[in-house]
Structures are given as structure tokens and as C-alpha cells.
> 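Please see the structure below; I have some questions.
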Amino acid sequence: MAASTAPVVPDQTPKSSPPAALPFDLSQPPVIEGFNPLPKAKDETFKEKFMRKTKENPFVPIGCLGTAGALMYGLRAFHQGKTRQSQLLMRGRIFAQGFTVVAIIVGVFTTAVRPKQ
């Protein structure tokens, strides 16, 4: 029995092809059509950013404080054995959380709709 050898086929890729270009340069930020980033004037501190965001949408901090307050008073009432008051405060906490979520959604929507300056 003779072993049959398959003919060797040379590579079909051309040797003189130029190297493929990268789809983007990793050393630079991506270029997005229609987007012009504003230069950073300065970095904000936490307090400055908090005050700016509170002025833009004051209902979010109000909802957060309401949620935290209802939670604290509800836990205190539960610890004291006032189950009825504790249940009412936990329902109030859920209402305050819903109010906060709606305030966040409305704030995001108004920011998106607001004309660019």
C-alpha cells in the first residue's frame, strides 16, 4: 500500500499588502460627528457640584431627605413597638422613593429637551 501525499498549496495571501489601519487611535479621544466637547474651565468640588445639581433639580434632594426621614422614623417606631405607625411610615418611605425616582426622570428629560447653550 502506497501512502498518498497531498500536494502542497502555497499561501494565497499577497505578500505586498499594506498593514491594516487601526479603526481608531487609542491615544486620542474618539471623534464623534456633531459632538463638540466643552473645555473644562475648572474641576468642581463636591459642595459646588451638589449646589449646582440642587439648583437644577431641587426635588431630588427633597425626595431623598423625605425617604431618609421616613425610614429613620419608621425604624424608630418599629423599635419602640408601634407597629401601626411603623407600617404607615414605611408606606410613606415607598411614596418618597417613588417621588424621588419621578423627580430624577423629569430632571433627565428636561435636561435632554433643554436647548444647548
Side-chain angles (χ1 to χ4, degrees):
M1 250 194 209
S4 127
T5 60
V8 178
V9 178
D11 259 349
Q12 297 298 328
T13 58
K15 302 290 184 205
S16 62
S17 66
L22 290 175
F24 49 85
D25 184 13
L26 296 177
S27 64
Q28 297 292 325
V31 177
I32 302 171
E33 251 183 74
F35 176 72
N36 298 322
L38 297 175
K40 265 189 170 178
K42 66 178 185 106
D43 288 333
E44 288 181 304
T45 63
F46 176 78
K47 183 179 179 182
E48 291 170 342
K49 185 175 181 179
F50 179 78
M51 294 306 292
R52 180 175 56 86
K53 294 284 189 176
T54 300
K55 287 177 186 174
E56 288 175 6
N57 193 354
F59 295 112
V60 173
I62 291 170
C64 290
L65 288 174
T67 301
L71 177 64
M72 296 305 292
Y73 284 122
L75 290 175
R76 183 171 164 250
F78 180 74
H79 182 69
Q80 292 174 349
K82 301 176 183 175
T83 57
R84 177 79 177 134
Q85 183 182 8
S86 173
Q87 284 293 317
L88 288 174
L89 285 166
M90 288 301 116
R91 290 177 187 159
R93 176 188 59 89
I94 297 297
F95 173 77
Q97 279 180 302
F99 175 81
T100 305
V101 169
V102 169
I104 290 170
I105 292 170
V106 168
V108 167
F109 180 73
T110 57
T111 302
V113 172
R114 183 180 305 149
K116 305 292 182 220
Q117 296 177 358

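Keep in mind the model is a prediction, meaning the values are calculated, not measured.
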> Could you tell me the separation between the NZ atom of Lys49 and the OG1 atom of Thr54, rounded to the nearest 0.5 Å?
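The NZ atom of Lys49 sits 11.5 Å away from the OG1 atom of Thr54.
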> How many angstroms lie between atom CG of Leu88 and atom OG1 of Thr83, to the nearest 0.5 angstrom?
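It comes to 9.5 Å.
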> Rounded to the nearest 0.5 Å, what separates atom CD in Gln85 from atom CE in Met90?
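Taking CD in Gln85 and CE in Met90, the distance rounds to 10.0 Å.
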> Among Thr111, Val113, Val106, find the one that has a side chain to side chain contact (heavy atoms under 4.5 Å, CB included) with Phe109.
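Of the listed options, the one satisfying the test is Val113.
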> How long is the straight-line distance from CG of Leu71 back to OG1 of Thr67, given to the nearest 0.5 Å?
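Rounded to the nearest 0.5 Å, the OG1-CG separation comes out at 8.5 Å.
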> Mind checking the OG1-CE spacing from Thr45 to Met51? Nearest 0.5 Å is all I need.
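Reported to 0.5 Å precision, the distance equals 10.5 Å.
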> Using the test salt bridge (charged side-chain N to carboxylate O under 4.0 Å, His left out), find all partners of Arg52 that sit at least two apart in sequence or belong to another chain.
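Residues passing salt bridge (charged side-chain N to carboxylate O under 4.0 Å, His left out) with Arg52: Glu44, Glu56.
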> Which side chain to side chain donor-acceptor pair (under 3.5 Å) pairs, counting each pair once, include a residue from residues 68-82, with sequence neighbours left out?
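Every pair satisfying side chain to side chain donor-acceptor pair (under 3.5 Å) with a residue in residues 68-82: Gln80-Lys82.
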> Looking only at non-hydrogen atoms, find the nearest pair between Phe99 and Phe59 and report the distance.
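So the minimum-distance heavy-atom pair works out to CE2-O, 3.6 Å.
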> Compare every heavy atom of Ser86 with every heavy atom of Gly74, then report the nearest pair and how far apart it is.
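Minimum heavy-atom contact is O-OG, 3.4 Å.
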> Would you name the heavy atoms of Gly66 and Ala96 that are closest together and state the gap between them?
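That would be C-CB, 3.9 Å.
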> Apart from Phe78 itself, what residues make up its hydrophobic cluster when side-chain heavy atoms of I, L, V, M, F, W and Y under 4.5 Å apart count as a link, directly or indirectly?
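None, because no other hydrophobic side chain comes under 4.5 Å of this residue.
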> Looking at Asn57 and Gly107, what are the two nearest heavy atoms and their distance?
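Closest approach of Asn57 to Gly107: ND2-CA, 3.4 Å.
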> Rounded to the nearest 0.5 Å, what separation is found between the OG1 atom of Thr110 and the CZ atom of Arg114?
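That separation rounds to 5.5 Å.
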